[in-house]
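Notes for the one structure printed next.
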Amino acid sequence: MTESPETKAADDEVCRRVKNGLKPERNGSAKSLYPRPCHERPPKNRCHTAEEEVRPGMGRVGWVCEAGESIHSVDSSRLYSRPFIEYFEETPMMVAVLTYMGYGILTIFGYLRDFLRHWKIERCHIAREKEEQKDFVPLYQDFENFYTRNLYMRIRDNWNRPICSVPGAKMDLMERATYDYNWTFEYTGRVVQDVINLGSYNYLGFAENTGPCADSAAEVTMKYGVGVASTRQEIGNLDRHEEMEKQVARFLGVESAMAFGMGFATNSMNIPALVGKGCLILSDELNHASLVLGARLSGSTIRVFKHNNMQSLEKLLREAIVHGQPRTHRPWKKILIVVEGIYRYLSLALCSRKSFPLLKFPLFSFLVSAAIICGQCPSAVYATSMSPPVVEQIITSMKCIMGEDGTTIGNERVQQLAENTVYFRKRLREMGFIIYGNNDSPVVPLMLYMPAKIGAFGREMLKRNIGVVVVGFPATPIIESRARFCISAGHSKNMLDQALNVISEVGDLLQLKYSRHRLQPSSARPFDDDVYEDIDD
Amino acid sequence: MALGECWKQLSWFYYQYLLVTALYMLEPWERTVFNSLLISVAGMAIYTGYVFMPQHIMAILHYFEVIQ
């Protein structure tokens, strides 16, 4: 089944340990159903299967191999043989109980304040309808905003902080003060300078206002202006858009690509354009709300597989192909597998990209500012097209990453990001914090759990000149609130060390070092080159 | 100097108490309300214990036939 010599070697060593007992002959029979080989696919699509074994207490360790048990595999010139480790340490029982108690106390006080506001004992600052409009359908749902009014407002100064510089590795913030407990803010006039930025999605460090990207974007602004004020279908399609799409297609190794501004609407509006009734969507259990909404809107049957679990996906897929549609047993018109490249709130990484002959258009999520999909979609008809400087920034940064501009800057940045990530995660884990997610992911969630610590962490870090993003309830499960650090290639080792010292200090002050599996501090091991080896091509 | 150290330590414990019970997020008057409720309930429990403890101890010793 696996034809190429490189994959054969992997098969012999690793796949003898195959747990689910699939033998190559079975794959031969599966292959006969889909006689068209997929070796004509360009080499960027790789095919892996993760074999997982559960180690008690710690997490899952998976070995990724070019497997014989997949339905088919694509030959690739590189073996991704790095162990795939994801940690999800359990919440300590005492911490969970205290967190629920904290939320309980806040809820009781929330009811008390709502009572006072209702009986006009206290002035109400929130948006309300006018008296004259009472007979219409209500605009504001009072109960649903309970959480916003009573919990979010109290620590609102940790979010939406105005900045006055480019959000690179360091940034400047406007200082704000509030005299009515975060209902309104005033500027003191001072600027907090050189705050280390651990919150922007600036992974490769391209958020800067000097350098080739900025220069080319400035040129294009002079030539094309700032925006087109039209949709792609009418007069908003510039030659820069066409070039960007060709560039993206080259980067991904597909025949062609279409790009939109990243956003909720991209995912939720484009999935219904691809699949409809009579189609099947297999979606990862931890997919983002936009993907879930898009899947539901499309009207197809949805089946959920366990996160990053290839056995679960294969089982579902086999059942779907063998049994067909639920009552009529007719074959599915299309099967779409929906996963995410990087799961932002959980910092996990995709462990597999499978391409099947049934799957027409793979869905990707991407590190730069575009989401790519092929086909017709509402966004091209109704949404304005991307503005020319943004498009130019994408083109220049992609050329840099691919090495087409003739320098090795792109490759260096990727290596720097990998180094930074591994170092940062290792040090945090050694200090005793609970860190979730894949060891190679540049998004580092540090668990806080208790609601008061969300606000306290954000404020204490800002006092010490570091800007972080803290995340709480609607975006995460209620007791699993966290601080999310985004490491960038633009952070130097000094900055990371400074940040780590401050995090340790604040961690001691707030008692955040919950982990019961403390790693021994190891000496700096030589950095190995295969962390992101499938990024460059 | 020892008093300064003691004060700092107490201050740190009070901060931890504020964080764990989420009083850190509440306004000062809400903290006063909660603290008064907590202290009055704890005070009543201690007073009841003080008043009834001798009787309870006698009853236990009587049950285990240590005293007649």
Side-chain angles (χ1 to χ4, degrees), chain A residues 92 94-116 121-122 147 149-158 178-183 448-460 470 472-473 478-479 481 506-512 514, chain B:
Chain A
M94 196 62 201
V95 172
V97 167
L98 291 175
T99 309
Y100 281 122
M101 180 187 85
Y103 275 109
I105 294 177
L106 287 171
T107 310
I108 294 174
F109 275 98
Y111 280 126
L112 174 68
R113 297 294 293 271
D114 276 350
F115 176 78
L116 295 178
I121 302 174
E122 183 191 340
Y147 181 83
R149 273 199 309 275
N150 295 311
L151 275 80
Y152 172 72
M153 277 298 178
R154 294 182 190 274
I155 45 174
R156 192 164 77 116
D157 56 311
N158 288 309
T178 173
Y179 300 112
D180 52 0
Y181 299 104
N182 290 345
W183 288 100
L448 299 172
Y449 299 115
M450 296 180 198
K453 293 190 184 182
I454 305 175
F457 191 76
R459 289 178 192 151
E460 295 292 326
V470 289
F473 167 55
I478 187 138
I479 52 168
S481 52
V506 173
D508 282 328
L509 176 67
L510 299 175
Q511 295 288 291
L512 289 174
Y514 298 119
Chain B
M1 230 48 256
L3 206 60
E5 264 308 306
C6 194
W7 184 248
K8 259 200 234 154
Q9 190 70 2
L10 278 179
S11 186
W12 186 83
F13 274 121
Y14 183 62
Y15 188 64
Q16 296 305 312
Y17 159 75
L18 287 182
L19 284 177
V20 165
T21 57
L23 289 185
Y24 177 88
M25 289 166 65
L26 299 179
E27 296 176 22
W29 68 269
E30 289 165 330
R31 283 186 200 171
T32 317
V33 165
F34 185 86
N35 284 335
S36 338
L37 272 174
L38 188 69
I39 289 178
S40 41
V41 167
M44 283 191 275
I46 291 173
Y47 178 70
T48 310
Y50 172 75
V51 166
F52 285 105
M53 201 49 78
Q55 278 179 285
H56 285 155
I57 292 179
M58 288 303 286
I60 292 170
L61 290 176
H62 192 71
Y63 179 79
F64 283 117
E65 290 170 15
V66 177
I67 290 180
Q68 287 316 319

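In the text below, chain A, chain B and the rest are named by the order of the sequence lines, each starting its count at 1.
For the residue pair T21(B) and M101(A), the shortest heavy atom distance occurs at CG2-CE, 3.8 Å. Contact detail for A452(A) and A22(B): the closest heavy-atom pair is CB-CA, 3.8 Å. Looking at every heavy atom in both residues, W12(B) comes nearest to D508(A) through CZ2-O, 4.2 Å. Across all their heavy atoms, G455(A) and Y24(B) have their closest contact at C-CE2, 4.2 Å. Listed here is the closest heavy atom pair of R113(A) and W29(B): CD-CZ2, 3.7 Å.
Only the side chain of Q16(B) comes within less than 4.5 Å of a heavy atom of chain A; its backbone N, CA, C and O stay farther away. Using a 4.5 Å cut-off between heavy atoms, L106(A) contacts chain B through its side chain alone, with no backbone atom that close. Using a 4.5 Å cut-off between heavy atoms, L509(A) contacts chain B through both its backbone and its side chain.
The neighbour count for Y17(B) OH, taken as heavy atoms of other residues, nucleotides or ligands under 6.0 Å away, is above 12. By the 6.0 Å contact criterion, CG on L3(B) is open, its count of non-hydrogen atoms from other residues, nucleotides or ligands being 12 or less.
Residues Q511(A) and Y15(B) form no side-chain contact, since every pair of their non-hydrogen atoms from C-beta on lies 4.5 Å or further apart. M25(B) places none of its side-chain heavy atoms less than 4.5 Å from the side chain of I454(A). The side-chain heavy atoms of M450(A) and L19(B), taken from C-beta on, include no pair separated by under 4.5 Å.
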